[in-house]
Amino acid sequence: MLKGKHLIDPMDLSLEQLDQIFNLADDIIKNPKDYMEVCKGKILATLFYEPSTRTRLSFESAMHRLGGSVVGFSSAGSSSAAKGESVADTVKTIACYADICAMRHPKEGAPKVASLKSDIPVINAGDGGHQHPTQTLTDLLTIRSLKGRLNDFTIGLCGDLKFGRTVHSLIKALSRYSNIKFILISPEELKIPDYIKEEVLIKKDIQFKEVERIEEVIGELDILYMTRVQRERFFNEEDYVRLKDSYILDKKKLKNAKQDMIVLHPLPRVNEISVEIDDDPRACYFKQVKYGMFVRMALIMKLLGVEK
Ligand code: NCD
């Protein structure tokens, strides 16, 4: 049962619960009209203390498409955080107005703290450089839909693996499926944090290798997951400027990739994917955006315990 649960970390959901969410998302995609009123009278609050386009609007469109309503704020400056209110007090207040909330916060662990004080389900919509479980639901539904499976593949994760929370959550989630091989492509300074390597990859005896050059490995990949260098988490601008163009995926690099490889990116992109490949059939990042909305519709329904 998912009703009333919080979603803070991708491991909060069992494989069976993930399947239930994906099956529901598949049905919503096929029969959207059947779901137009299932959340009538319910309110989603979006508490965003950090900028967002996709995640917030995706949650909001998801709720609207289910017939529910939305309240919220889109920056810390426009909430009582600016007056010094704690997230715990904010969420206790929001729980008096809304039935479910999605929170994005620059501090790692803030949504977890909120969930401990909340009477309504709290969804982590990204906490600092830590986790982003609903982007992972998006990524998994995209892979499942486009590749037809969630096991037996080699996935390359490229870019800012240190601060990129989407990568941390995706590795955790995929580590539970069989025969997944990870190729971690990053400059030395932006390598995956040790805790992910030790507590997930090594502990579970999962195959992985770390490389610096995308050209070396692109031919091996079934999925290439590109990421943006996370400027807002750098301590100084100089390092950002030095590292920001480490990877630019273009036609030339894509030449050596498999014909059925898919390129994903949580977006926003800066220039790590050249627009010249947007029309390549392997470029699936805008399809991914759409799956994100459908999977959030399914998640909201499950956490609220509403059915068709
Ligand atoms: C990601 C995020 O916020 O972590 N964006 C998103 O939610 N789709 C990735 C990023 O900002 O680079």
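In each ligand, atom 1 is the first atom listed, and ligand 1 is the first ligand listed.
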### Message
Less than 3.5 Å apart, any donor N or O on the side chain of Ser115 or Ser118 sitting next to an acceptor on the other?
### Response
no
### Query
How far apart are the closest heavy atoms of Cys96 and Lys92, and which atoms are they?
SG-O, 3.5 Å
## Note on the structure
Residues Ile120 and Ala95: closest non-hydrogen pair is CD1-CA, 3.9 Å
### Query
Is ligand 1 less than 4.0 angstrom away from at least one heavy atom of Gln230?
yes
### Query
What atoms of ligand 1 come within less than 4.0 Å of a heavy atom belonging to Arg228?
10 (C), 11 (O), 12 (O)
### Query
So is Thr166 polar-close to ligand 1, meaning N/O to N/O under 3.5 Å?
no
### Task
Compare every heavy atom of Ile8 with every heavy atom of Pro133, then report the nearest pair and how far apart it is.
CG-O, 3.5 Å
### Query
Among protein heavy atoms, which lies nearest atom 3 (O) of ligand 1, and at what distance?
Arg165 NH2, 2.8 Å
### Protein residue, atom and distance nearest to atom 5 (N) of ligand 1, heavy-atom basis
Leu267 O, 3.0 Å
### Query
Going by an N to O cut-off under 4.0 Å, is there a salt bridge joining Arg282 and Asp280?
yes
### Message
Do Arg144 and Phe22 form a cation-pi contact, if we require the NZ or CZ to be under 6.0 Å from the six-membered ring centre and within 45 degrees of the ring's axis?
### Response
no
### Query
Any N/O of Glu232 closer than 3.5 Å to an N/O of ligand 1?
no
### Query
If we only count N/O pairs under 3.5 Å, is Pro268 in contact with ligand 1?
no
